[in-house]
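Following: one structure in C-alpha cells, then a few remarks.
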Amino acid sequence: MFGLENKVILVTGGNRGIGAAIVAKLEEVGAVVGYTYRSSPGPAGKLPLKADVTDIDDMERVISQVEDELGPIYGVVANAGITQDALLSRMTKAQWDAVIGTNLTGVYNTIRPLAPLMYERKEGAMVFVSSVVGEQGNIGQANYAATKAGLIGMAKTLGLEGARYGVRANVVAPGFTETDMVKAIPDPVKEKILKTIPLRRFATEEEIAWGAAFLLSPTLAGYITGTVLSINGGRHT
Ligand code: NDP
C-alpha cells in the first residue's frame, strides 16, 4: 500500500525516540532500513551504523556503506537532533554552535552526499524532522527554533531543486512527543504546555512515524513536495 516494499531508507538517529519509531514503522511497511546512532544501536532496522551527523566524512561513509550493503537509497529521514536551551541573552556561542551543527549542518551533511545519487536515479524522497518550535518559536530555544525553521526552508528549496529529477522533499513538524527530550521537561512546565495543546496530550512516537512513512510513500504522497506536515494535536498558533 505504501509502495515502500524493499525500498532502502536511511534514518539518522534511528536508535531511540522518534527515530527508532520511524525505523520500526518503515520496516512494518516493508522497507529495508539503515540507520545511524551515536551512543548505542536501537531495537529495529537492518543496518545500524555508528556515525555523527556533525561530521560530513562520517555521513559520506554511512551513505556508501548503506548503498553497498543494502542497495540504492530511495529515501532518507533526517531525524537526529538536540536541544541546548537558554534565553538568547544568556546563550553561549557553544550552545548556539552545537545545536546549529547537529540540527541544521547535520542535515546538510546527510543530504549533500546523497542528493546527487538520488537525482541521478530520478527517484526518491527526503523527510526532515522539524518541530512545532520551528513554526512558532519558543522561549529559551532561539538556536533550536532557528534550525527547525531552517529545515522548512531547506525542504521547500530541495522540493524545487529535486522536482525535475522526481525527488521530493518534505518536513514532518512534530508537536511535543513522549520521548527522552520531553521527559526531561520539568512537570510544572509540562502541565503548562499541555494546556496549549487542543488535544490535551503529547504525541506518541508512532504518530510521528506514521507521518514520516506517509511522506516517504510514492503511492500516498507522490504529488506532495516542499510541504510541512504538522503533527501537533492542533497547536497551530
Ligand atoms: P531523542 O533525544 O530521544 O533522540 C535524539 C536522537 O538524535 C538520538 O538517536 C541521538 O543519538 C541522535 N543524535 C543526536 N545528536 C546526534 C549526532 N551528532 N549525530 C548522530 N545522531 C545524533 O530525541 P527525539 O526522538 O525526541 O527527537 C528526534 C527528532 O525529533 C529531533 O530532531 C527533535 O528535534 C525532533 N522533535 C522532537 C520533539 C519531541 O517532543 N520529542 C518535538 C518536535 C521535534 P544517540 O542516542 O546515539 O545520542
Side-chain angles (χ1 to χ4, degrees), residues 2-82 102-130 151 154-155 158-159 161-162 165-172 174 205 208-218 221 225:
F2 277 72
L4 292 173
E5 297 77 9
N6 300 316
K7 294 237 189 290
V8 177
I9 314 276
L10 169 65
V11 180
T12 64
N15 55 319
R16 64 188 171 97
I18 290 172
I22 291 172
V23 172
K25 184 60 65 191
L26 292 173
E27 286 199 317
E28 195 182 309
V29 301
V32 183
V33 188
Y35 70 91
T36 70
Y37 67 93
R38 252 186 339 175
S39 51
S40 51
K46 182 110 180 157
L47 183 64
L49 294 165
K50 191 168 171 59
D52 189 328
V53 295
T54 64
D55 181 344
I56 194 162
D57 294 337
D58 242 14
M59 295 315 293
E60 279 171 2
R61 173 185 54 81
V62 161
I63 282 146
S64 304
Q65 212 171 326
V66 172
E67 296 239 329
D68 288 349
E69 294 188 34
L70 301 181
I73 296 173
Y74 171 82
V76 58
V77 182
N79 162 78
I82 58 167
T102 302
N103 298 8
L104 193 55
T105 310
V107 178
Y108 168 84
N109 292 342
T110 306
I111 299 301
R112 176 63 187 85
L114 181 56
L117 303 175
M118 287 178 150
Y119 292 170
E120 205 176 303
R121 296 195 281 258
K122 302 223 173 329
E123 63 165 22
M126 305 171 185
V127 172
F128 304 152
V129 180
S130 173
L151 292 183
M154 194 172 163
L158 295 188
E161 292 183 5
Y165 306 108
V167 175
R168 299 178 295 106
N170 290 294
V171 164
V172 168
E205 294 167 352
I208 308 305
W210 275 119
F214 167 76
L215 289 172
L216 286 171
S217 163
T225 194

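For reference, positions follow the sequence shown, starting with 1.
Smallest separation of non-hydrogen atoms from P41 and N15: C-CB, 3.9 Å. In plain terms, the two heavy atoms of G159 and A169 that are nearest each other are N-CB, 3.8 Å. Nearest heavy atom pair, residue P113 against residue N109, reads CD-O, 3.0 Å. When all heavy atoms of I9 and A31 are compared, the pair lying nearest together is CG1-CB, 3.8 Å. Between E205 and G17, the closest heavy-atom pair is OE2-CA, 3.5 Å. For V127 against A212, the heavy-atom pair with the smallest separation is CG2-O, 4.1 Å.
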The test is side-chain contact (heavy atoms from CB on, under 4.5 Å); show your working for N79 and I18 and say whether it passes.
CA-CA 8 Å; N79 162 78; I18 290 172; 3.7 Å; yes
After noting the C-alpha distance and the side-chain angles of K7 and F2, does the key distance pass the side-chain contact (heavy atoms from CB on, under 4.5 Å) rule?
CA-CA 10 Å; K7 294 237 189 290; F2 277 72; over 6 Å; no
Y74 vs V8, test: side-chain contact (heavy atoms from CB on, under 4.5 Å). Steps then yes/no.
CA-CA 5 Å; Y74 171 82; V8 177; 5.5 Å; no
For a side-chain contact (heavy atoms from CB on, under 4.5 Å) check, start with the C-alpha distance between L114 and M126, then their side-chain angles and the critical distance, and finish with the verdict.
CA-CA 10 Å; L114 181 56; M126 305 171 185; over 6 Å; no
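Proximity of a side-chain donor or acceptor of E123 to a complementary backbone N or O of G166 within less than 3.5 Å is not detected. Using a distance-only test at 3.5 Å, with no hydrogens or angles considered, no donor-acceptor pair links the side chain of R38 to the main chain of G13. A donor-acceptor contact shorter than 3.5 Å is absent between the side chain of R112 and the backbone of I56.
For the atom pair L49 CG and Y37 OH, the distance stands at 7.5 Å (nearest 0.5 Å). Rounded to the nearest 0.5 angstrom, D55 CG and T105 OG1 are separated by 12.0 Å. With rounding to the nearest 0.5 Å, the separation of OH in Y165 from CD in E120 is 10.5 Å. Taking CD of E60 as the reference point, atom OG1 of T110 lies at 11.0 Å (rounded to 0.5 Å). Taken from CD1 in I63 to CD1 in I111, the straight-line distance is 7.5 Å, to the nearest 0.5 Å. We find the CG-CG distance between N103 and L151 to be 7.5 Å, quoted to the nearest 0.5 Å.
For Y108, the ring-ring contact (aromatic ring centres under 6.0 Å, His included) test picks out no residue, with sequence neighbours left out. Under the side-chain contact (heavy atoms from CB on, under 4.5 Å) criterion, A51 pairs with T36, D58, M59, R61, V62, sequence neighbours left out.
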